[in-house]
There are 2 protein chains.
Amino acid sequence: MLLHIQFDSETPIYQQVKDQIIRGIALGELKLGEKLPSVRQLAADIGINLHTVNKVYNQLKSEGWVVIHRKSGVMINPHLNLNQSSEALEELDDLLKNITAESFLKGISKDEFITLVERNYDRYNMRESE
Amino acid sequence: MLLHIQFDSETPIYQQVKDQIIRGIALGELKLGEKLPSVRQLAADIGINLHTVNKVYNQLKSEGWVVIHRKSGVMINPHLNLNQSSEALEELDDLLKNITAESFLKGISKDEFITLVERNYDRYNMRESE
DNA sequence: ATACTTGTTATATATATCATATAACAGAGC
DNA sequence: GCTCTGTTATATGATATATATAACAAGTAT
């Protein structure tokens with residue numbers, strides 16, 4: 001799996017890496033139980049610091065996306081459960097409050113917005129048919 | 001229009017103020033051409049610094065949401081055009097790439113996601129019927 | 001003309017975040 | 001024992017966020 005970092009972005013590097021790993025899981029590019037590169041390896045590959053990668057891995061661990069073993073390293077959590085929490089829905093709605101408002105004012109219709117959501121979601125459910 | 005600031009939030013104060021003003025426009029709570037409080041007044045109301053409000057107003061001006069006159073102060077841009085730019089769609093899609101992926105993995109279905117989008121959007125189109 | 005209010009600019013300070021660098025530590029496996 | 005793993009410690013620098021105080025400049029009204 002390839003990571004593309006924009007070093008001139010307002011979005012912090014660690015956030016970009018984190019986002020792309022989570023998206024990689026959803027897309028099926030990263031399988032459950034798949035091993036991730038070591039902190040030193042990934043840092044060297046991307047051209048960033050070891051600690052930045054370590055920060056990513058620790059946050060991913062705190063949020064349950066990966067598990068870390070002492071020697072074997074980091075792997076995607078093999079028991080990722082898609083159990084929906086009420087908090088997740090509330091957090092999403094808080095996000096959408098701002099995003100939909102700005103999108104609406106920028107002339108993006110409800111249907112256009114939903115089409116984008118569908119096109120993204122349809123990339124995730126493909127996993128059974130692979 | 002009331003602003004609610006969470007001082008313990010990870011989201012910067014200026015960002016919260018900015019988001020709520022933009023949302024206020026979409027909801028119709030702030031009318032086009034409506035005058036906003038002076039930087040000193042709003043700062044005092046919320047209990048923050050004058051410069052934080054000034055930062056908000058300047059960013060809103062740069063992005064076309066408000067116009068600023070030398071003495072009359074800041075008002076919602078009376079000529080806010082909802083002309084859709086291709087950039088706006090691309091930016092939205094970039095946002096949705098990450099948000100949908102994480103939502104999917106947290107067990108939020110496509111239909112649930114879309115329902116939230118619709119519920120938000122339906123609050124904006126009401127303006128003609130007021 | 002004077003006073004007041006407006007946004008604006010200049011300076012300074014404090015704190016937190018982001019990212020890097022170097023080094024050393026501790027556990028697990030060969 | 002050696003090597004690879006994440007981890008921790010310490011330091012440095014740049015940038016972002018927020019505050020504080022003060023002064024400036026342009027409109028508006030008295």
Side-chain angles (χ1 to χ4, degrees), chain A residues 1 3-22 25 30 33-79 98, chain B residues 1 3-22 30 33-78 98:
Chain A
M1 185 204 184
L3 296 183
H4 306 280
I5 303 301
Q6 285 184 294
F7 291 94
D8 60 340
S9 168
E10 297 173 11
T11 307
I13 296 174
Y14 85 93
Q15 188 67 53
Q16 295 184 47
V17 175
K18 201 177 155 186
D19 285 343
Q20 289 180 40
I21 290 178
I22 292 176
I25 303 175
L30 292 172
E34 181 170 341
K35 190 178 175 308
L36 293 180
S38 74
V39 288
R40 290 172 180 81
Q41 184 62 52
L42 185 53
D45 288 349
I46 306 180
I48 63 177
N49 190 274
L50 167 160
H51 292 103
T52 306
V53 177
N54 193 245
K55 181 178 185 174
V56 172
Y57 282 175
N58 268 294
Q59 290 196 7
L60 290 173
K61 174 188 169 193
S62 300
E63 297 166 18
W65 303 109
V66 303
V67 291
I68 304 182
H69 287 96
R70 191 63 203 184
K71 170 61 181 171
S72 56
V74 180
M75 66 163 63
I76 307 298
N77 188 345
H79 309 104
N98 295 323
Chain B
M1 184 203 184
L3 296 183
H4 305 280
I5 303 301
Q6 284 183 295
F7 291 94
D8 60 339
S9 169
E10 296 172 13
T11 307
I13 295 174
Y14 84 92
Q15 189 66 53
Q16 295 183 47
V17 175
K18 199 176 156 187
D19 286 343
Q20 289 180 39
I21 289 177
I22 292 176
L30 292 172
E34 181 170 341
K35 190 177 175 307
L36 294 179
S38 74
V39 289
R40 290 172 180 82
Q41 184 64 53
L42 184 52
D45 288 349
I46 307 181
I48 62 178
N49 192 274
L50 166 162
H51 292 102
T52 306
V53 176
N54 192 244
K55 182 177 185 176
V56 172
Y57 282 174
N58 268 295
Q59 290 195 6
L60 289 173
K61 174 189 170 192
S62 299
E63 297 165 18
W65 302 110
V66 302
V67 292
I68 302 181
H69 287 95
R70 191 62 204 186
K71 170 62 181 173
S72 56
V74 180
M75 65 163 64
I76 307 298
N77 188 345
N98 295 324

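Throughout, protein chains are lettered first and strands after them, A, B, ... in sequence-line order, and every chain is numbered starting at 1. Any value given below was found using the heavy atoms of this structure, including those in side chains, with hydrogens, waters and symmetry copies removed.
Thr52(A) has a side-chain polar atom (N or O) that falls below the 4.0 Å cut-off from OP1 or OP2 of dT20(C). OP1 or OP2 of dG7(C) has not a single side-chain nitrogen or oxygen of Asn58(B) nearer than 4.0 Å.
Whole-Å rounding puts the Asn54(A) CG to dC18(C) C1' distance at 15 Å. Rounded to whole Å, atom C1' of dG7(C) lies 14 Å from atom CE of Met75(B). If you measure from atom CD1 of Ile13(B) to atom C1' of dA16(C), you get 13 Å, rounded to the nearest angstrom. To the nearest angstrom, C1' of dG29(C) lies 13 Å from NZ of Lys35(A).
For DNA chain D, the span of nucleotides reached by chain A at under 4.0 Å from its heavy atoms goes, 5' to 3', from dC4(D) to dA9(D).
In this structure the side chain of Asn77(A) never reaches within 4.5 angstrom of the side chain of Val66(A), judged on heavy atoms. Under the 4.5 Å side-chain criterion, counting only non-hydrogen atoms from C-beta, Leu42(A) is not in contact with Leu50(A).
Between Gln15(A) and His51(A), the one whose closest nucleotide on DNA chain C sits nearer the 5' end is Gln15(A).
Applying a 4.0 Å cut-off to non-hydrogen atoms, the residues of residues 67-74 of chain A that approach DNA chain D are Ile68(A), Arg70(A), Lys71(A), Gly73(A), Val74(A), listed by residue number. Less than 4.0 Å separates DNA chain D from at least one heavy atom of each of the following residues of residues 38-50 of chain A: Ser38(A), Val39(A), Arg40(A).
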Side-chain donor-acceptor contacts of residues 68-75 of chain A below 3.5 Å, not counting sequence neighbours, with atom names and distances?
none

Listing, residues 15-22 of chain A side-chain donor-acceptor contacts under 3.5 Å, not counting sequence neighbours, or none:
| unit_1 | atom_1 | unit_2 | atom_2 | d |
| --- | --- | --- | --- | --- |
| Gln15(A) | NE2 | Asp19(A) | OD1 | 3.1 |
| Gln16(A) | OE1 | Gln6(A) | N | 2.9 |
| Gln16(A) | NE2 | Gln6(A) | O | 3.0 |
| Gln16(A) | NE2 | Thr11(A) | O | 2.9 |
| Lys18(A) | NZ | Gln59(A) | OE1 | 2.7 |
| Lys18(A) | NZ | Glu63(A) | OE2 | 2.8 |
| Gln20(A) | OE1 | His4(A) | N | 3.0 |
| Gln20(A) | NE2 | His4(A) | O | 2.7 |

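Residues forming a side chain to side chain donor-acceptor pair (under 3.5 Å) with Asn54(B) (at least two apart in sequence, or on another chain): Asn58(B).
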